[in-house]
Amino acid sequence: MKFIYLICLLPALSLQGVTAKDLPKFNWSEKEIDEIEIGYGLQLTDINGDGKTDILLADKSTVQWYENPGWEKHVIAEKLTVRDNVCVAARDIDSDGKAEIAVGGQWNFLESMKDGAVHYLIAPEDRTQRWKPVKLYNDPSVHRMHWILGPTGEHSLVVKPLRGKGSIDGVGPGIRILNYFVPEDPASTWETEVISDFLHLSHNFHPVNWDEDPEEELIVAAKEGVWYHDQVDGTWETRQLTDEFAGEIRDGKLPDGRRFLATVEPMHGSSCAVYAEPDNGKGLWPRLSLLDDAIKDGHAVACADFLGTGSDQIIVGWRAMHPKDVPGDPGIKLFFPLDANGSKWGEKQISGAEVAVEDLKAGDLNGDGKIDLVAAARQTKNLKIFFNETNVE
């Protein structure tokens with residue numbers, strides 16, 4: 001097992017009662033658990049109901065989960081479509097302690113008229129065996145999906161294409177973000193509703209719960225910037241948060257308690273930035289900082305309190321895949337605020353050329369209360385855990 005030691009040498013700035021000079025030495029231990037083909041989509045969740053967080057991966061032609069704590073691999077679906085899988089969603093939607101799974105596939109990056117697929121997987125009694133796929137309706141260019149919590153405690157599946165049907169390079173019809181409602185018999189027809197249909201070239205999105213009602217909202221990154229989608233009295237309302245073309249989007253909390261957005265700009269971009277919620281909660285969110293403008297093909301963001309400071313930090317992963325004629329290395333970086341309001345940030349490299357990030361997710365894998373990191377990599381074809389062994393008092 002390889003160890004990485006990242007020492008945060010910061011000026012003495014107060015971070016919610018923790019002085020920056022007293023931040024702990026940031027210590028990761030690495031564990032590579034599989035050789036994979038691409039690693040399109042990751043989720044961290046309890047698959048078998050044993051109370052442990054497992055790793056779920058949608059690879060090129062297979063869907064598999066890795067059982068905590070030994071990370072034994074269980075392939076539960078294979079060759080659902082002729083073309084690649086591209087995303088996966090997993091969440092316990094019926095409160096039995098075991099996650100339900102949906103998969104997006106038939107991936108074709110430039111095509112916007114016919115390709116794409118959505119499957120719901122029905123679990124067998126033994127969840128290590130093959131699951132039964134149910135093919136659902138889909139718009140072309142299926143790219144990302146999430147289960148979200150609805151107003152009466154039910155969950156639905158939100159599926160977002162990359163491109164609008166018939167659009168070319170972000171010009172033409174907008175993307176239809178579809179909400180799928182789970183029927184009593186999941187093998188029967190699923191009803192859908194359109195959440196929005198005006199954005200273009202939307203690479204990623206994320207569920208949040210920012211208000212006082214029980215249902216979750218969405219933050220969506222697109223050519224038109226980051227947009228907030230909220231369900232109000234049964235109708236989806238939208239509000240623009242940023243106006244820069246964004247590919248990746250996650251949210252977190254600053255040391256002063258304000259909400260922030262972390263982005264990669266543009267899609268597959270070279271920049272990562274952080275924005276803060278305005279004091280009055282209205283209008284576009286001001287950019288606090290350009291964290292880095294020299295990453296290559298940024299493809300994933302995670303926000304969590306990795307350092308145990310009481311506020312969140314940002315991890316960005318890139319794969320160095322495009323453009324092919326410009327050499328560069330993939331990598332993973334941690335960015336941490338150096339002041340309470342997030343105007344200054346420090347950074348530490350977590351990984352380099354050995355992990356070409358296609359997706360990454362954060363979660364506590366070993367139950368020690370510290371947030372770990374899992375990365376699935378494309379060109380390097382590996383699936384790796386970074387265990388967080390930071391000494392937090």
Side-chain angles (χ1 to χ4, degrees), residues 32-50 52-68 70-94 96-109 115-138 141-148 155-162 180 182 186-187 190 204 299-300 357-361 363 365 374-378 381-385:
E32 190 164 305
I33 64 171
D34 199 9
E35 178 180 339
I36 61 177
E37 290 190 78
I38 292 177
Y40 277 109
L42 276 171
Q43 293 293 334
L44 307 184
T45 187
D46 187 353
I47 302 293
N48 59 355
D50 64 357
K52 299 182 178 68
T53 300
D54 306 302
I55 299 171
L56 176 68
L57 177 71
D59 207 358
K60 178 181 173 67
S61 59
T62 58
V63 180
Q64 59 244 24
W65 65 282
Y66 300 84
E67 188 172 356
N68 192 339
W71 312 113
E72 181 182 359
K73 178 179 178 178
H74 306 297
V75 176
I76 59 174
E78 187 171 8
K79 296 181 180 177
L80 295 173
T81 54
V82 175
R83 302 182 68 90
D84 297 359
N85 297 319
V86 72
C87 58
V88 64
R91 190 168 183 174
D92 178 13
I93 67 172
D94 59 6
D96 67 350
K98 305 172 186 178
E100 280 65 50
I101 297 173
V103 184
Q106 191 63 8
W107 176 237
N108 189 342
F109 178 68
D115 282 334
V118 175
H119 285 88
Y120 176 74
L121 303 183
I122 298 177
E125 184 174 349
D126 180 355
R127 287 178 162 236
T128 68
Q129 301 302 305
R130 298 301 171 99
W131 295 32
K132 179 183 177 182
V134 177
K135 192 174 189 313
L136 309 181
Y137 167 82
N138 68 274
S141 194
V142 168
H143 191 250
R144 293 291 183 264
M145 54 174 53
H146 286 287
W147 294 104
I148 65 167
H155 290 81
S156 57
L157 178 68
V158 179
V159 178
K160 184 193 65 58
L162 177 70
Y180 290 68
V182 186
W190 293 42
N204 217 328
H299 216 256
V357 174
E358 186 74 12
D359 196 13
L360 58 79
K361 291 292 187 294
L365 294 179
V374 180
R378 190 177 185 120
K381 299 185 180 301
N382 48 353
L383 178 63
K384 183 172 284 193
I385 303 172

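Heavy-atom basis, side chains included; hydrogens, waters and symmetry copies ignored. Sequence positions, counted from 1, serve as the residue numbers for this chain.
- Side-chain contact between Glu100 and Arg91 is absent, with no heavy atoms from C-beta onward closer than 4.5 Å.
- Annotation: side chain of Asp115 is not in contact with side chain of Trp107 (no heavy-atom distance under 4.5 Å).
- A donor-acceptor pair under 3.5 Å links the side-chain atoms of Asp59 to the main chain of Glu37, judged by distance alone.
- With a 4.5 Å cut-off on side-chain heavy atoms, Ile33 and Ile55 count as touching.
- Listed for the Asn382 side chain is no donor-acceptor partner under 3.5 Å among the backbone atoms of Lys384.
- In plain terms, the two heavy atoms of Leu42 and Val374 that are nearest each other are CD1-O, 3.6 Å.
- Annotation: side chain of Val159 is not in contact with side chain of Leu136 (no heavy-atom distance under 4.5 Å).
- Formation of a donor-acceptor pair under 3.5 Å by the Glu358 side chain with backbone atoms of Ala376 is not found in this model.
- The two residues Gly39 and Leu57 have their closest heavy-atom pair at CA-CD1, 3.7 Å.
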> How far apart are the C-alpha atoms of Lys60 and Asn85, what are their side-chain angles, what is the distance that settles it, and do they pass the side chain to side chain contact (heavy atoms under 4.5 Å, CB included) test?
Replying inline: CA-CA 5 Å; Lys60 178 181 173 67; Asn85 297 319; over 6 Å; no

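- Side-chain contact check for Asn48 and Glu67: at least one donor-acceptor pair (N or O, by modelled atom type) lies under 3.5 Å.
- Summarising the local packing, NZ of Lys135 is surrounded by more than 12 heavy atoms from other residues, nucleotides or ligands at distances under 6.0 Å.
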> Run the side chain to side chain contact (heavy atoms under 4.5 Å, CB included) check on Tyr180 and Val118 step by step: do they pass?
Replying inline: CA-CA 10 Å; Tyr180 290 68; Val118 175; 3.9 Å; yes

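- Listed for the Asn68 side chain is a donor-acceptor partner under 3.5 Å among the backbone atoms of Leu365.
- Looking at Gln106, its side chain never comes within 3.5 Å of a backbone N or O of Ala117 through a donor-acceptor pair.
- A distance of 8.5 Å separates CD1 in Ile36 from NZ in Lys73, rounded to the nearest 0.5 Å.
- Of the N and O atoms on the side chains of Tyr40 and Asp84, at least one donor lies less than 3.5 Å from an acceptor on the other residue.
- Residues Pro133 and Leu80 come closest through the heavy atom pair CB-CD2, 3.6 Å.
- Note that NZ of Lys52 and CG of Asp46 are 9.0 Å apart. Values are rounded to the nearest 0.5 Å.
- Val182 places a side-chain heavy atom less than 4.5 Å from the side chain of Trp190.
- Contact of the Val134 side chain with the Pro186 side chain is not registered, since no non-hydrogen atoms from C-beta on lie closer than 4.5 Å.
- Of all heavy-atom pairs spanning Cys87 and Val142, the tightest one is SG-CG1, 4.3 Å.
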>> One pair to check against side chain to side chain contact (heavy atoms under 4.5 Å, CB included): Val63 and Leu56. What are the steps and the verdict?
In response: CA-CA 8 Å; Val63 180; Leu56 176 68; 4.0 Å; yes

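- No side-chain N or O of Thr45 forms a donor-acceptor pair with one of Gln43 less than 3.5 Å apart.
- Leu44 and Gly363 get closest at one heavy-atom pair: CD1-N, 3.7 Å.
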> Run the side chain to side chain contact (heavy atoms under 4.5 Å, CB included) check on Asn204 and His299 step by step: do they pass?
Replying inline: CA-CA 9 Å; Asn204 217 328; His299 216 256; over 6 Å; no

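- Between Val103 and Tyr120 the shortest side-chain heavy-atom distance does not fall below 4.5 Å.
- Considering CG of Asp50 and NZ of Lys98, their distance stands at 10.0 Å, rounded to 0.5 Å.
- Arg127 places a side-chain N or O within 3.5 Å of a backbone atom of Ile47 that can act as its donor or acceptor partner.
- Annotation for Thr62 and Gln64: closest pair OG1-OE1, 2.6 Å, computed over non-hydrogen atoms.
- Trp65 has its ring centre less than 6.0 Å from the ring centre of His74.
- Summarising the geometry, atom CZ belonging to Arg83 is positioned 12.5 Å from atom CZ belonging to Phe109; distances are rounded to the nearest 0.5 Å.
- Defined by atom type and a distance below 3.5 Å, a donor-acceptor pair is present between the side-chain atoms of Asp34 and Tyr66.
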